[in-house]
Amino acid sequence: MASYWQQWVRRWRLSEMRLLFLALWISALAVAAVGFFTDRVESAMERQASQVLGGDLVLSSSRPLPDEYRQLATRLGAKMAEVVSFRSMLSVGETAQLVQVKAVSTNYPLIGELQAANNLTAAGVKAQLPASGELGAEPRLFHALPAPVGATVKLGRSEFILSSVVTKDPAQGVNFFQLAPQVMMPLADLPATGLLSPASRAEFSLLFTGSERVIRELKASLQAKLAPTERVRTLQEGAQNVQQALQRAGRFLGLAALLSVVLAGAAIVLTAASLVRHETAAVAVLKAFGLARRRILVDYLGNLWFLALVAGILGALVGFFLQTLLAHWLVQVVAIELPPASWTSAWVSIVTALVMVTGFALPALLRLLDTSPMQILQGSLQAPTALVGVFMLSILPAIFLLMWIQARELSLTLWVFLGLLVAVVLFWWLAKLSLNGMARLSTRQGWQGLALLRHGRRSLLLVVVFAMGLFTLLLLTALRTDLIGRWQASVPADAPNYFLINIQATDQANLENFLKQQNIQANLYPMIRGRLVEINGQPVTADDYPKPEAKRMLEREFNLSSFAVFPESNTLLAGQWFDANTQGFSIEKGIGETLGFNLGDRLSFDIAGQRFTETITSVREVRWDSMQPNFFVVAAPGSLLDKPYTLITSLHLAPNQPELIPTMIRQFPSITAIDTSAVLGQVRSLVEQATLAVQGVFAFTLVTGLLVLWSALQAQKPERQREIAVLKSLGANSRSLRRRIWLEFLWLGGLAGGLAGLLTLLAANLLGFYLFDLGLSLNPWLVILGALAGAGLVATAAWLNLRSLLQVVPMVLLKT
Amino acid sequence: MSENNRVIVASGLQKQVIAPAANNASEILSILTEINLQVAAGVSVAITGASGSGKSTLLGLLAGLDVPTAGSLQLFGQELTQLSEDQRAALRLGKVGFVFQSFHLLEHLTAVENVLLPLELAQVKGDLKQRALTALDQVGLAARAQQFVTKLSGGEQQRVALARAFVTQPELLFADEPTGNLDRHTGQEVAALLFRLQHDYQTTLILVTHDESLAAQCNHWYRLADGRLHRQESV
């Protein structure tokens, strides 16, 4: 053991060993920092999304839920709250109003906080649940009823005091079509009202929170016992609008993390190659002394694994510290609370270091073992050249494995991996072509000014590494800008915060006039209720579909619409949007997938007892988080207006127009106005968190890129030192040497950056289109920006790294 | 030897270095104690000595690669000890050639590109490539001009180094054990080539070697021992 340790210390003196350590440490650090950070932001986002759902898991039924479920949850250690929700009439004196009653148990809400105010104009603050004998109500109830806060109202057989204006119910969900204003009451008061009889229509829900394991077990146990009326929802099946944003953010974070691993991998490859060059003589000597190959292998491998272990542990520690700093700083910028990090990322970073050293250094070592001891006697040492096969068998699987560990999504990993392979081959080929071409040109008369660029040829590998690094950074920048822009555009400051529904066709013209006078922009869409009864002439019922989602869709009525202008928040995927002469249906992509119909199929709806049949002429993708009215099925303009219909619209109200809604309701009593600002606030805060995560990860990747660039330069240092000494002996002065370094790296960086920009242009479009649902855009600035950024970044880093070499005394040439 | 045809005039040159000793201490090591040497243009001078006697240190000092601790040294009539590193480099540019024991060719360049290097550094005008190819032809390597130097044998690499050294037709050439890394036969070939080129271009040659047969071919032969130069009469 002592001798092993001594050997390790002796080997540590090799600059390559220290460099390898540095590269391993940097990768472990990057993985740990990105991992810890994304972990925290992801759980913050999940918490936010769970809040919209009301819990990590929600069980609901149209019948009272058996005690068995409550006992099961208690046994597993889940926290639980109970909600019963139904419609009823609430009366004040002679006036009655339909309300949505939400009776909640004392530990509601499980996630987030309830906010309430004492009057309509005050801002909401954190509040307790209504006490026994009290009700909290949404602002719109107060608009609809002639009752102020503190009034006594009657609900069923009981009397309640309207004690507060509920401004935020975290688990209100995203149901825009809830017609009646919501009132909240204590669950314990519910039996006394006598409102619930076995025949009542109500939704009984149990909300659960708990650790991931508890929720998983609970879900499995519940699903085994579910009655037909009962269903379980988790975050994954939760609100659709929240999920889209969450998915995109998650994918981006995964992508960013795995690209930073690839960057660090490039540094390891460079350093391992350099180590092999250095150790060739040592191995030849050891073999000449009679040491067996196996012994040498075990010896080197042991050393390297120890190195990786130490680098991994140190990387995890420093990564944790860095992440804390970054989170602290970013939290101050966007004011969001991040939950603590889990320790998984520490393990991942240690495993990463070990996989890297094994995958990247082992093949080089095996080649090293083939060094013939005869070389020592012959006096000419040839470092073994890496074989393509070795790359295939070891480095590629290692990269793939690391990516997979990072991305945790096989298809994403596969695509990015293939993309990177193509990128490396392309970079290699293009860089070789231009470097060699330039070198050849530089020996022609009149082109001697290019002579300096000839030296760039040795840096083919460097150009590929730089280009990969810059490509990663540019790609992340391009996607980041696009993503954040898209997210923010999806919830702009003037996003609609009110839905108006139940607008009578006879009121349409007057309402449009009224809104125009108030300078409010709103498109009114007709809304027709219909039940899907046939697909291609074949009757359909809920029983034909095994999926609960499909069953639910067929059991209720669809909201159909018909209009001429294609909505901004939609994307046409297939077919043609309506023009003046066409008939047909335009469907939302998801509903077609769920119910199994597509372009060209014929759908029949039963609308108020009449059959309405059309062919599907287009497929749309709908951004559900747009806060605009969206429809699964749209018919050609005007085609449904002979059926009974109401209209729907969404509008944005500034906070200084509180009187507008009550005035409007008085003028158009049938209209129901739904305040969606709470939902909007939740979506906006989600976007803020996603933005935060993306920016944080971007910062880390930028730092990793620069560090890798640094270690790549480090690997070339000995050779460059000798070169500078030779040039000095030939009479080069320090000014011309400085110029050489700057010009060479400006050219290399510019080349790498230009290539990276070109590929980014391609990849950002491909990725944006397939993974993030973004449109195509061709931006030549990416190439120019890439070349400029590459030249600036690489030349500056190279100068800072290499300038100390200018101090080299040419005497070193005489000592070797 | 007339005053103005002296290429090198060294008097009372000393070189001391600080060497690390046991217990983190350091000691001053005197390598050269009293060097006096005058070299006229066009002659060849050999310096021999045991390993560690300071031959390479002396060569470095004479070429202005390093500065002496004490004494005076003139190169082409200029006092080197008064000049900065850049000024010393400027003095060498285009006028001084080097041949090293380990060749020190730039591995990422082809043979002809290595030979082009000093011409480009000195910003020589004209068809540089043709000049470089001619230089390679003189050492018998015209056919291998486009090869990367790592593909060449040791003897071939040293011949490329000779072409690189002579391509600027330097007034002064320093050779540090030019045959030290070559087998006997190849060494003899390279030495013959060196002396032929030196003769053709009338270059002053300072040759450091421990090969006495090589030293014997020079006009003057000095032995370095105890930090001083001792004149050795040719056999």
Side-chain angles (χ1 to χ4, degrees), chain A residues 277 378-383 385 435-436 439-462 716 718-740 744 806-816, chain B residues 55-57 59-61 63-67 84-98 100-102 104-110 112-114 116-130 132-133 146 148 150 153-154 164-165 168 174 176-177 181 183 208:
Chain A
R277 257 202 309 279
Q378 289 160 346
S380 66
L381 280 166
Q382 293 277 314
T385 46
L435 287 172
N436 281 344
R440 217 165 293 141
L441 195 63
S442 72
T443 54
R444 296 233 180 111
Q445 213 174 348
W447 290 92
Q448 276 132 11
L450 297 177
L452 264 181
L453 308 185
R454 211 180 284 154
H455 300 273
R457 206 169 27 188
R458 90 187 97 174
S459 305
L460 181 56
L461 193 62
L462 266 185
Q716 273 197 351
E719 189 194 332
R720 287 189 179 271
Q721 181 170 30
R722 197 173 61 93
E723 175 186 324
I724 288 175
V726 169
L727 292 171
K728 275 189 170 183
S729 76
L730 293 174
N733 60 22
S734 41
R735 196 172 143 263
S736 78
L737 291 172
R738 267 201 300 276
R739 200 172 142 255
R740 292 180 83 85
E744 181 180 338
L806 292 180
Q807 307 305 319
V808 67
V809 184
M811 277 300 281
V812 294
L813 299 172
L814 301 174
K815 308 282 185 193
T816 47
Chain B
K55 299 188 295 287
S56 295
T57 306
L59 185 80
L61 287 183
L65 300 184
D66 197 3
V67 283
S84 70
E85 194 192 341
D86 277 350
Q87 288 168 323
R88 296 200 304 273
L91 198 60
R92 284 195 297 272
L93 192 62
K95 289 206 266 187
V96 173
F98 275 98
F100 302 105
Q101 178 176 2
S102 312
H104 289 312
L105 299 172
L106 303 192
E107 291 172 4
H108 59 281
L109 299 182
T110 60
V112 68
E113 288 167 357
N114 264 287
L116 272 169
L117 204 60
L119 293 173
E120 288 163 357
L121 276 179
Q123 296 179 318
V124 175
K125 301 274 176 261
D127 189 351
L128 303 189
K129 191 174 182 188
Q130 196 45 54
L133 287 173
Q146 301 302 338
F148 281 98
T150 44
S153 71
R164 179 177 74 181
T168 54
F174 292 97
D176 179 31
E177 302 277 14
N181 272 6
D183 64 65
V208 161

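Sequence lines set the chain letters: A, B, ... in the order given, protein chains first and strands last, and positions in each chain run from 1. Every heavy atom of this structure was used, including side-chain atoms; hydrogens, water molecules and symmetry mates were not.
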- Electrostatic pair A/R720:A/E744 at N-O distance under 4.0 angstrom: yes

- Polar side-chain atom of B/K129 near backbone of A/S442 as donor-acceptor pair, under 3.5 Å: no

- Query: Among B/D86, B/L91, B/L61, which has the most heavy-atom pairs under 4.5 Å with chain A?
  - Reply: B/D86

- Would you check if B/F98 and B/R164 make a side-chain contact, meaning some heavy-atom pair closer than 4.5 Å? no

- Message: Would you say that A/L737 contacts A/K728 through its side chain, given a criterion of any heavy-atom pair below 4.5 Å between the two side chains?
- Response: yes

- Message: What I'd like to find out is whether the side chain of A/E723 reaches to under 4.5 Å of the side chain of B/H104, using heavy atoms alone.
- Response: no

- Query: Contact part of B/L128 toward chain A, heavy-atom cut-off under 4.5 Å: side chain, backbone, both or neither?
  - Reply: both

- Can you tell which of B/K55, B/Q87, B/R88, B/E120 has the highest number of heavy-atom pairs within less than 4.5 Å of chain A? B/E120

- Honestly, the part of B/L105 sitting under 4.5 Å from a heavy atom of chain A is backbone

- Below 4.5 Å from any heavy atom of chain A, which atoms of B/F174 appear? Answer side chain, backbone, both or neither. neither

- Query: Given that the side chain runs from C-beta out, which part of B/A90 has a heavy atom under 4.5 Å from chain A: side chain, backbone, both or neither?
  - Reply: backbone

- Message: Please classify the contact of B/E113 with chain A as side chain, backbone, both or neither, using a heavy-atom distance under 4.5 Å.
- Response: both

- Below 4.5 Å from any heavy atom of chain A, which atoms of B/L116 appear? Answer side chain, backbone, both or neither. side chain

- Measure the shortest side-chain to side-chain distance between A/V809 and B/L65 over non-hydrogen atoms and say whether it is less than 4.5 angstrom. no

- Sub-4.5 Å side-chain heavy-atom contact between B/L93 and B/T168: no

- Query: Hey, which of B/G126, B/P118, B/G97, B/A122 has the most heavy atom pairs under 4.5 Å with chain A?
  - Reply: B/G126

- Counting heavy-atom pairs under 4.5 angstrom with chain B, the leader among A/A725, A/S729, A/S736 is A/S729

- A/R740, CZ: over 12 other non-hydrogen atoms inside 6.0 angstrom: yes

- Message: Can you tell me which portion of B/Q130 sits under 4.5 Å from chain A's heavy atoms? Options are side chain, backbone, both or neither.
- Response: neither

